[in-house]
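See below for the structure under consideration.
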Number of protein chains: 2
Amino acid sequence: MTEYGPTPGTAHIVDDDEAIRDALSWLFKSRGIASSAWPSAEAFLADYRPQMRGCLVLDIRMEDMSGPELFDRLRSQGCRMPVIYLTGHGDVPLAVQSLKNGAFDFIEKPCNDNLLADRVAEALALDAEVNQRASQQASVAERLASLTQREREVMDAVLAGKLNKVIAGDLDIAMRTVEVHRARVFEKMGVKSAVELAKLLAGN
Amino acid sequence: MTEYGPTPGTAHIVDDDEAIRDALSWLFKSRGIASSAWPSAEAFLADYRPQMRGCLVLDIRMEDMSGPELFDRLRSQGCRMPVIYLTGHGDVPLAVQSLKNGAFDFIEKPCNDNLLADRVAEALALDAEVNQRASQQASVAERLASLTQREREVMDAVLAGKLNKVIAGDLDIAMRTVEVHRARVFEKMGVKSAVELAKLLAGN
DNA sequence: GGGGAAATTGTGGTTTTCCGCAATACATCC
DNA sequence: GGATGTATTGCGGAAAACCACAATTTCCCC
C-alpha cells in the first residue's frame, strides 16, 4: 500500500506507530486520497525530494527526530507542503507555537475520521494552489533573470511611467536605444505592452 | 489610568477580573503602551467604534458574553484589530480553533510579562499596517465608484491591453469617444498612464 | 581571427495616443 | 425652461510609440 515518488496530491504519513500508519492509509484510501507512509522522520527526510507534492500528516513525538524538527528541516530545504500535526500528547503552548510556525492544522488523537480526511483534502488543495503559483512565479523570475542590465534599467523606468524621451535623458542615451531595449524587454517577458508587463510583475 | 476613545495604538483589555486589568494596564504603561480596560465583553461592545485603533487583549471565559463571542461580533462589524487571547483555562482544540479563526495569539496565564508586552507591541504594529493599507484601498475603491459605467468598460479594456481602435470596435463607438472616456478614467483615478493605473489597481 | 552578444545610433515612415475646440442628443433635477 | 451630467462624434494638429533596415564599437570566448 505504500506509494513512493513525486506523486502529486499525496498525503505523506510520518508516524512511528504502524497501527496508526495503517489506519490512516486505509482512511485516506477510502476517501480517494493517495497516501504513503514512513515509520520515522529520518526515513521521510532521506526520501524527500523537492518535487514531492501533497501534504504531511505528522506525529509530534517520535524517537530521535520529532515532528517539529522534521518540519523545520523541511522548511529550511524549501519544502512548502502543508503540515497537519496529529498528536495524542499536545498542550496549548505547543499547539500555538506549531500553528504560528506555519502548520496547517494541529489535531489531537483520537479524532473524527471525517474531520481529518477533510482537512487533508483541504491541505492537498492548498498545496496544488501554492505549487501552481510558485510555478508561475518561477517562470517570471526566469524571464527577469534573462534581461541584461540595461534592459532592466529601461524596464524599471517604463514601469515608473516615464516617457521614452525622459528615460533617454536620464540614462544619457538616444531615444532609439530606449526603444530597442524596451522592445527587447517586452519580447523577453512575453508581453505586448507596458500594462501587460505591470500586471505580470504584480503577480496578477 | 483608563484611557478611552479612538486613540491610535491602544491595547484594549477586556477581562472581568479587575486585578488582571490593573496588572495589565500597569505592565503596558511601563512599556509605553497606551491601554484601556473594560470589565466585560458587553461593555467593550457598547463602546466600540469602527475608528478605534489598536489591539484587543481578551479573556476567554467571562460571564454572559465570552471572548470568542466578542471576537465574532467584532469581526462581523468589520473590526480588524488583532486579538490576543489571554486565558487560564485553555485547551488544545480551543487554542487551535481560535488561531484558525484569525486570532493573533493565544497565551496561557500566568505568562511572561515581557512576552506578552512584546506580542502586544507586535499586534499594534500589525494593526497600524493593516489600517494604513485599508485606508489606501478605501481611497482607490472610492475613486473606482466614481466612474460611470462607460468609463469602467473602457478602463477594463485599457487594462486588458487593447488598442483604442480595438476598444472602439468592441464597444461600437468612435475612437475619439474612447479617448474621452480613457482620459476621464485617468483623471478620476489620479494617474497619468495605463501603467500607473494597472499598478494602482494591483494594490502595489 | 572569427563569431556572438550587448550597447549604441541614425533615417524614414507608420501607427497610436493625446487633446483643444466644437457640437448634438438624452435624461434628470430644480 | 434652464442647468447639469453623461455619452457621443468630428476635425485638425502635435506628440509619442513603434520598427525595418543598416551600421559601428566593445568585450568575451574559442
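Each chain gets a letter, A, B and so on, in the order its sequence line appears, and its residues count up from 1. This one's a predicted model, so the numbers in the text were calculated from it and none came from an experiment.
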Starting at atom [atom1] of [X], determine the distance to atom [atom2] of [N], rounded to an integer number of angstrom.
| X | N | atom1 | atom2 | answer |
| --- | --- | --- | --- | --- |
| B:Leu147 | D:dG5 | CG | C1' | 15 Å |
| B:Ile167 | C:dT16 | CD1 | P | 12 Å |
| A:Lys162 | D:dA17 | NZ | P | 13 Å |
| B:Met175 | C:dT15 | CE | P | 12 Å |
| A:Met155 | C:dA6 | CE | C1' | 17 Å |
| B:Arg184 | D:dT8 | CZ | P | 13 Å |
| B:Leu163 | D:dC18 | CG | C1' | 12 Å |
| A:Lys192 | C:dT16 | NZ | P | 14 Å |

Legend entry - A:Asp15 bridged to A:Lys109 by N-O distance under 4.0 Å: yes
Legend entry - Within 6.0 Å of NZ in A:Lys192, more than 12 heavy atoms from elsewhere: no
Inset, instruction - Establish, yes or no, whether the cationic atom of A:Arg75 lies under 6.0 Å from the six-membered ring centre of A:Phe71 and within 45° of the ring axis. - result: yes
Legend entry - B:Arg184 to B:Phe186, cation-pi by 6.0 Å centre distance and 45° axis angle: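 Because its charged atom misses either the 6.0 Å distance or the 45° angle limit, B:Arg184 does not stack over B:Phe186.
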Would you say [X] reaches [N]'s phosphate, i.e. side-chain N/O to OP1/OP2 under 4.0 Å?
| X | N | value |
| --- | --- | --- |
| B:Lys165 | C:dT15 | no |
| B:Thr148 | D:dG5 | no |
| B:Asn164 | C:dT16 | no |

Legend entry - 5' precedence on DNA chain C between B:Phe186 and A:Lys188 (nearest-nucleotide basis):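 On the 5' side of the pair lies A:Lys188.
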Inset, instruction - Measure from the side-chain heavy atoms of B:Glu151 and tell me the nearest of C:dT8, C:dA6, D:dA7. - result: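 Minimum distance to the B:Glu151 side chain belongs to D:dA7.
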Inset, instruction - Check the side chains of B:Glu69 and B:Ser66 for a donor-acceptor pair under 3.5 angstrom, ignoring hydrogens and angles. - result: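 There is such a pair (donor and acceptor under 3.5 Å, judged by atom type) between the side chains of B:Ser66 and B:Glu69.
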Legend entry - Contact residues, residues 176-183 of chain B to DNA chain D [heavy atom, < 4.0 Å]: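 DNA chain D contact set from residues 176-183 of chain B: B:Arg176, B:Thr177, B:Val180, B:His181.
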Inset, instruction - Determine the interplanar angle of the A:Phe44 and A:Trp38 rings, folded into 0 to 90°, and report it as parallel if under 30°, tilted if 30 to 60°, perpendicular if over 60°. - result: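 Perpendicular.
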Legend entry - Contact summary for B:Glu63 and B:Glu42, nearest pair of heavy atoms: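 Heavy-atom minimum between the residues: O-OE2, 4.2 Å.
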